[in-house]
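Please read all numbers here as calculations on a predicted model, not as lab measurements. Chain identifiers are assigned alphabetically (A, B, ...) following the order of the sequence lines, protein sequences preceding nucleic acid strands; residue numbering begins at 1 within each chain.
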Number of protein chains: 2
Amino acid sequence: MSPETAPANEPDRAPDLEAVWQQVQPAAARRLLVAAAEAFAVRGFHATRTRDIAQGAGMSPAGVYVHYRSKEELLYRITLTGHQQTLALIRTATAGGAGPTARLTAVIAALTAWHARQHTTTRVIEYELHSLTPDHHTEIVHLRREVDGLVRQILADGVACGDFDVPDVPTTTLALLSLSVDVARWYHPSPRLTPEHLGDLYADLALRMVGGAGSAAVAD
Amino acid sequence: MSPETAPANEPDRAPDLEAVWQQVQPAAARRLLVAAAEAFAVRGFHATRTRDIAQGAGMSPAGVYVHYRSKEELLYRITLTGHQQTLALIRTATAGGAGPTARLTAVIAALTAWHARQHTTTRVIEYELHSLTPDHHTEIVHLRREVDGLVRQILADGVACGDFDVPDVPTTTLALLSLSVDVARWYHPSPRLTPEHLGDLYADLALRMVGGAGSAAVAD
DNA sequence: GTCTATACGCCGATAGAC
DNA sequence: GTCTATCGGCGTATAGAC
């Protein structure tokens with residue numbers, strides 16, 4: 001392989017997508033994960049053939065089973081890692097003991113930008129859950145409950161100290177998470193609407209939704 | 001079939017789901033549509049076997065092809081009718097020449113309640129688009145653009161007359177539609193959270209998001 | 001670890017009787 | 001219009017050489 005051309009089995013991919021799986025070793029296992037995530041995101045789990053994944057990773061069909069026991073295990077690894085990263089993201093954004101307003105805007109901005117920048121990965125982890133085995137599905141649902149609990153706590157704190165005005169905390173929590181999650185469904189990269197810009201817009205919308213300070217632009 | 005028992009090929013279904021397809025004739029074609037919508041919603045298009053659909057409609061596997069040319073045609077009919085009903089819903093809610101505030105709350109309440117009550121159907125029409133043939137997919141995307149345009153116009157009108165404060169109309173339109181669409185993903189029937197109640201809650205959230213009157217609770 | 005070749009079951013769709 | 005029977009093809013996963 002000459003230095004001026006990329007190897008044939010390393011397709012030219014968005015660097016962001018590779019970055020998510022950087023720590024996966026060996027390289028062949030990582031290429032398979034990335035290829036699987038791309039295929040699952042575009043076609044869905046059941047419409048993706050193991051041949052698609054192998055070809056995307058520059059391998060023969062049989063090569064998949066050296067690194068993973070089944071197609072479902074690929075989905076599981078993607079989904080598990082994705083949810084762990086989502087949780088880490090939220091915990092980072094809420095750390096430091098800031099007030100509810102700062103925590104809410106930080107979380108929504110980060111979560112939204114993550115769903116936009118990694119829309120390929122997040123499309124899989126948000127919309128292909130039902131293709132997991134029952135055991136794996138149960139495990140992921142537990143992680144999703146943690147996500148819900150962390151955001152709900154911010155709203156509860158904001159209501160308790162009077163910063164927020166929220167008639168129905170559980171449903172508003174769902175609505176806020178809905179906004180960010182659904183970004184994975186429709187977002188495509190655009191110079192007009194970068195992940196960071198969208199994150200800021202959505203953080204502002206979130207603040208308005210909870211009746212927080214800065215949301216009363218109309219009252220001026 | 002005795003009068004006190006339901007016929008074996010008419011499973012005990014939510015009446016709401018039957019109501020959506022009431023006008024489809026003959027009855028066998030309707031039963032197939034309903035069975036397909038249920039199966040597609042739970043398992044997804046590619047994980048659903050024609051045998052599942054036939055069994056759900058109380059027919060043999062071959063019976064499907066008397067009424068539909070392919071499994072994809074079933075998905076297409078469900079998706080097309082669903083989008084037509086969505087558009088009709090929005091047009092009804094915006095009719096009458098009311099102001100932007102009344103139109104927005106009516107549309108969001110109706111759209112949200114529709115996604116909740118018909119979460120089985122809407123889960124299919126919102127999340128299985130990618131399994132349509134290219135031609136059918138293109139046709140549906142046109143209908144979706146109409147939906148987007150109708151909601152965007154409400155926001156534009158509200159901004160023009162000063163009722164709304166929206167920094168980015170296209171993105172806020174997407175966010176509002178996101179909220180309602182995503183209901184199809186997570187909603188399940190609950191006495192605490194009826195479709196109508198959720199619709200009212202979301203209409204209030206929508207008004208806050210656009211900085212409309214009644215959203216400035218914090219400013220008092 | 002990667003390949004070629006293939007086993008084996010499943011699925012969409014059709015044939016043809018009634 | 002519905003059935004029984006079945007075709008042809010595809011797709012996951014494995015066997016075994018290198």
Side-chain angles (χ1 to χ4, degrees), chain A residues 1 7-11 24-40 42-79 124 128 130-134 136, chain B residues 1 7-11 21 24-40 42-79 124 128 130-136:
Chain A
M1 304 179 194
N9 56 4
E10 290 278 7
V24 176
Q25 292 296 343
R30 177 172 63 252
R31 291 204 313 271
L32 285 165
L33 264 189
V34 172
E38 287 184 319
F40 293 164
V42 173
R43 311 164 190 235
F45 176 77
H46 285 288
T48 299
R49 293 158 297 198
T50 51
R51 283 166 174 79
D52 298 333
I53 299 169
Q55 192 172 4
M59 304 177 68
S60 74
V64 174
Y65 298 91
V66 175
H67 301 280
Y68 301 94
R69 276 190 293 174
S70 66
K71 192 173 76 159
E72 192 271 348
E73 195 192 340
L74 276 161
L75 176 62
Y76 171 61
R77 295 284 168 207
I78 293 164
T79 307
V124 176
E128 301 295 329
H130 55 85
S131 297
L132 291 167
T133 63
H136 289 162
Chain B
M1 305 181 190
N9 55 5
E10 290 278 9
W21 309 109
V24 176
Q25 291 295 341
R30 178 173 61 251
R31 290 204 313 270
L32 285 165
L33 265 188
V34 172
E38 287 184 319
F40 294 163
V42 173
R43 311 166 190 234
F45 177 78
H46 286 288
T48 298
R49 294 157 294 207
T50 52
R51 284 162 176 80
D52 298 333
I53 299 170
Q55 192 173 5
M59 304 176 68
S60 73
V64 174
Y65 298 92
V66 175
H67 301 280
Y68 301 94
R69 276 190 291 177
S70 66
K71 191 172 79 159
E72 192 270 348
E73 196 193 339
L74 276 161
L75 176 62
Y76 171 62
R77 294 285 168 205
I78 293 164
T79 307
V124 176
E128 302 294 328
H130 54 86
S131 296
L132 292 167
T133 62
D135 279 3
H136 288 162

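Annotation: side chain of A:R43 is in contact with side chain of A:D52 (closest heavy-atom distance under 4.5 Å). In this structure, B:I53 and B:F40 have side chains that are in contact, with non-hydrogen atoms separated by less than 4.5 Å. Between B:F45 and A:H46, every side-chain heavy-atom pair lies at or beyond the 4.5 Å cut-off. Between B:T133 and B:Y76 there is no side-chain heavy-atom pair separated by less than 4.5 Å. B:P26 is listed as a side-chain neighbour of B:H67, based on a closest heavy-atom distance under 4.5 Å.
One axis for each end of the helix from C:dG1-D:dC18 to C:dC18-D:dG1, each built from five base pairs, and the angle between them comes to 0° at 10° resolution.
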Got a list of protein N/O to nucleotides 12-15 of chain C N/O distances below 3.5 Å?
| from | atom 1 | to | atom 2 | distance (Å) |
| --- | --- | --- | --- | --- |
| C:dG12 | OP1 | B:T48 | O | 3.0 |
| C:dG12 | OP1 | B:K71 | NZ | 3.1 |
| C:dG12 | OP2 | B:T50 | N | 2.7 |
| C:dG12 | OP2 | B:T50 | OG1 | 2.9 |
| C:dG12 | N7 | B:R51 | NH1 | 3.1 |
| C:dG12 | O6 | B:R51 | NH2 | 3.3 |
| C:dA13 | OP2 | B:Y65 | OH | 2.9 |
| C:dA13 | OP2 | B:K71 | N | 3.0 |

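B:K71 places no side-chain N or O within 3.5 Å of a backbone atom of B:V64 that could act as its donor or acceptor partner.
Between the P atom of D:dA13 and the CG atom of A:L32 lies a distance of 13 Å, rounded to the nearest Å. Nucleotide D:dA13 holds its P atom 14 Å from the OH atom of A:Y68, rounded to whole Å. When rounded to the nearest whole Å, the span between CD of A:Q55 and C1' of C:dT4 equals 16 Å.
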Report task. Check the pair B:I78 / B:W21 against side chain to side chain contact (heavy atoms under 4.5 Å, CB included), numbers first and verdict last. Result -> CA-CA 9 Å; B:I78 293 164; B:W21 309 109; 4.0 Å; yes
TODO: Before giving the answer on side chain to side chain contact (heavy atoms under 4.5 Å, CB included), spell out for B:R30 and B:Q25 the whole-Å C-alpha distance, their side-chain angles and the decisive distance to 0.1 Å.
DONE: CA-CA 6 Å; B:R30 178 173 61 251; B:Q25 291 295 341; 3.7 Å; yes
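Residue A:H67 places its side chain closer to C:dG1 than to any other of D:dT2, C:dG1, C:dC3.
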